Structure formats: structure tokens, C-alpha cells
Amino acid sequence: MKFGVVVFPGSNCDMDCYHVIDQVLGHPVSYIWHQEKSLSGFDCIILPGGFSYGDYLRTGAIARFSPVMEAVADFAERGGLVLGICNGFQILLEAGLLPGAMRRNDSLQFRCQDAYLRVENAETPFTNRYRPGEVIRMPIAHGEGNYYADPETAAALEREGQVVFRYCTPAGEIAPQANPNGSLGNIAGICNRGRNVLGLMPHPERCSEEILGYADGRRLFLSVLAWWGLERERGVVACG
């Protein structure tokens, strides 16, 4: 399968994602400039972290109008895998590919630290290499990671199993002190109803090699490869 990493003006984690796919996983990957209008030939699209368009107006608010986002929406609609990391998650929210919105951290401070996450849904293309309820660790680095959804949307996310990761204590407790940004329900990552679009604030690409201290993020990418292999065995081919 082939990955594509979208590059917006201001992206700064694009090379990290590329490195993980190319050097750690050993799979084909290409950069996709934000003005591209076709995603033909790709099987998984990654919207990386960074500060697209300087995060002016609001995080992701300008990037959502990039020409490539229309292609990303069409790709997702046809079942293609889309992964949004940090700023990529914010862009997916602004583009309406995931429900809810992102606000400034409740501390009004930029948070750059390790965070513990509890895997709430291990039955997605991005999490099938984790165990349900498993506690993992990933770094975060953001000033606007305070996820919010209105009560009706939040209830639907819970009911449909769309909450994929929550901030937790090392013991797996969902507690206010484990929440680094004030996110509703300690939410760190959600997916769409089809499970083929995932957005999360933590950075799996920054913890995919042991040399970095821990490699909990690598299984997220390995999950994508595992899912792809299973789907091909079933005779299913997603987008391309």
C-alpha cells in the first residue's frame, strides 16, 4: 500500500511522518503538496502536525480551503484511510470530516509533554494492534487541543464508539489531572462513523522507534498495514 503525507504551508511534522513510513515501516510514501487535486494511487493519507498557514484566524481554518482538502473529502467518502495528527486533526474538524471543534487549552498555555492514553476502541483500521483499555504513552505539543462537542454530538460519539483515545493516568484512570488541555471527556482522539478517518492530538510519529525512548506510536501505523492486508485478503480494495 502507498501512503501520502499532505504538506501545507506551515506543516512541520511532515518529514517525521515520512520517515516513519519510509524508514521504520519500509513502505512507499510520497509528499502531497496542498494544491494537489488528485489522490490517485494512494491508500492512506496523513495530515501531519504543524502550524498550517501560521494557524492564523483559527487552527486549521485556512487549511481546510486548500485544494487538496476537496480530494481528501472525496477519498474519505469512498472509504480511503485518513489520519490527522495534531494540526491534521484540527484541519479534519474544520473541514467537517470529523465532528466537534477545537478550542485553546484551558490553561491558555502551550503543552509539550508526554501523555498517557487509554485505548477506547481497538477495532478501527488505526488501532487493531492495541488492546482495548490498554494504556499507552505518546507526546503532545499543542496550544489548541481542547476538544469540544455539543451534548448531542458528544452522546453520539460515545454511543457509536467513536471515541478512540482518552487522556488518562498511568493506571488508566480517566481523571481531570490527566487531562492536559481540558478536552471534553478527556478525549484525545476520535474517528468518524465509518472508522476510516481518525484524528488525534498526540503524535504517534514521535514515538515509533525505541531510540526515541518508547515506540507506542508504531503500532498505530502497523495497525493500518494489518488492516490493509486483511482487507485485501477479503478482496476489498479501498481508494486509489
Side-chain angles (χ1 to χ4, degrees), residues 1-22 25 27-102 124-127 144 147 162 164 189-201 203-205 220-221 223-225 227-232 235-240:
M1 66 178 297
K2 185 173 182 178
F3 292 80
V5 179
V6 178
V7 181
F8 299 95
S11 295
N12 63 14
C13 298
D14 45 341
M15 289 188 285
D16 295 337
C17 291
Y18 188 103
H19 169 79
V20 171
I21 303 302
D22 182 48
L25 274 63
H27 274 260
V29 57
S30 295
Y31 291 117
I32 302 170
W33 186 233
H34 69 112
Q35 292 179 324
E36 289 290 336
K37 297 181 179 179
S38 172
L39 297 177
S40 177
F42 293 102
D43 305 300
C44 180
I45 301 300
I46 299 175
L47 306 185
F51 302 89
S52 58
Y53 296 91
D55 276 350
Y56 293 121
L57 297 181
R58 191 174 60 247
T59 53
I62 300 178
R64 66 152 296 188
F65 292 107
S66 289
V68 74
M69 288 307 299
E70 186 173 340
V72 170
D74 179 66
F75 182 82
E77 177 67 25
R78 291 186 288 119
L81 299 182
V82 179
L83 171 64
I85 301 170
C86 196
N87 193 223
F89 184 14
Q90 296 161 341
I91 295 169
L92 290 175
L93 293 172
E94 290 288 336
L97 293 178
L98 290 173
M102 204 63 77
T124 79
F126 308 95
T127 55
E144 297 184 34
Y147 178 77
Q162 293 175 244
V164 180
I190 62 172
C191 66
N192 64 346
R193 287 190 178 185
R195 307 292 194 261
N196 62 308
V197 179
L198 172 71
L200 75 165
M201 290 310 296
H203 287 265
E205 80 280 12
L220 188 148
F221 299 102
S223 294
V224 173
L225 295 178
W227 179 89
W228 178 253
L230 182 61
E231 291 301 290
R232 289 183 67 85
V236 176
V237 178
C239 293

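In this text the structure is predicted, and so the values were computed from the model without any measurement. Scope of the values below: all heavy atoms of this structure, side chains included, with no hydrogens, waters or symmetry mates.
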*Just by distance, do the side chain of Asn87 and the backbone of Ser52 share a donor-acceptor pair under 3.5 Å?*
yes
*Determine yes or no for a side-chain-to-main-chain donor-acceptor pair under 3.5 angstrom, with Gln90 supplying the side chain and Met102 the backbone.*
no
Given side chains that start at C-beta, do those of [X] and [Y] come closer than 4.5 Å, heavy atoms only?
X     : Y      : value
Gln35 : Val68  : no
Cys17 : Ile85  : yes
Ser30 : Lys2   : yes
Val82 : Ile46  : no
Leu83 : Leu220 : yes
Ile45 : Val6   : yes

*Could you walk me through whether Phe3 and Leu225 pass the side chain to side chain contact (heavy atoms under 4.5 Å, CB included) test, one step at a time?*
CA-CA 10 Å; Phe3 292 80; Leu225 295 178; 3.9 Å; yes
_Quick check on Met1: does its CE atom have over 12 non-hydrogen neighbours (other residues, nucleotides or ligands) under 6.0 Å away?_
yes
Point-to-point distance, once rounded to the nearest 0.5 Å, from [atom1] of [X] to [atom2] of [Y]:
X      : Y      : atom1 : atom2 : answer
Ser11  : Phe51  : OG    : CZ    : 11.0 Å
Met69  : Leu97  : CE    : CG    : 5.5 Å
Leu81  : Leu198 : CG    : CG    : 10.0 Å
Glu144 : Asp55  : CD    : CG    : 6.5 Å
Cys44  : Trp227 : SG    : CH2   : 9.0 Å
Cys86  : Asn12  : SG    : CG    : 8.5 Å

*Partners passing side chain to side chain contact (heavy atoms under 4.5 Å, CB included) against Arg195 (at least two apart in sequence or in another chain)*: Asn121, Thr124, Pro125, Gln162, Cys191
*asked:* Go through it in stages, so that I can follow the logic: the residues are Phe8 and Leu47, the test is side chain to side chain contact (heavy atoms under 4.5 Å, CB included), and I'd like the CA-CA distance, side-chain angles, deciding distance and then a yes or no.
replied: CA-CA 9 Å; Phe8 299 95; Leu47 306 185; 4.3 Å; yes
Which heavy atom in [X] sits nearest to a heavy atom in [Y], and how many Å separate them?
X      : Y      : result
Ile91  : Ala63  : CD1-CB, 3.6 Å
Asn196 : Phe126 : O-CZ, 3.6 Å
Ile190 : Val164 : C-CG2, 4.0 Å
Pro28  : Ile21  : O-CG2, 4.0 Å
Ser66  : His34  : OG-ND1, 3.5 Å
Glu205 : Val20  : O-CG2, 3.6 Å

*Measure the acute angle between the ring planes of Tyr147 and Phe89, then classify it against the limits of 30° and 60° as parallel, tilted or perpendicular.*
parallel
*Quick one: salt bridge (Lys or Arg N to Asp or Glu O under 4.0 Å) partners of Glu94, sequence neighbours excluded?*
Arg58
*Can we call the ring centroids of Tyr18 and Tyr31 under 6.0 Å apart?*
yes
*Among Val7, Val5, Leu39, find the one that has a side chain to side chain contact (heavy atoms under 4.5 Å, CB included) with Ile32.*
Leu39
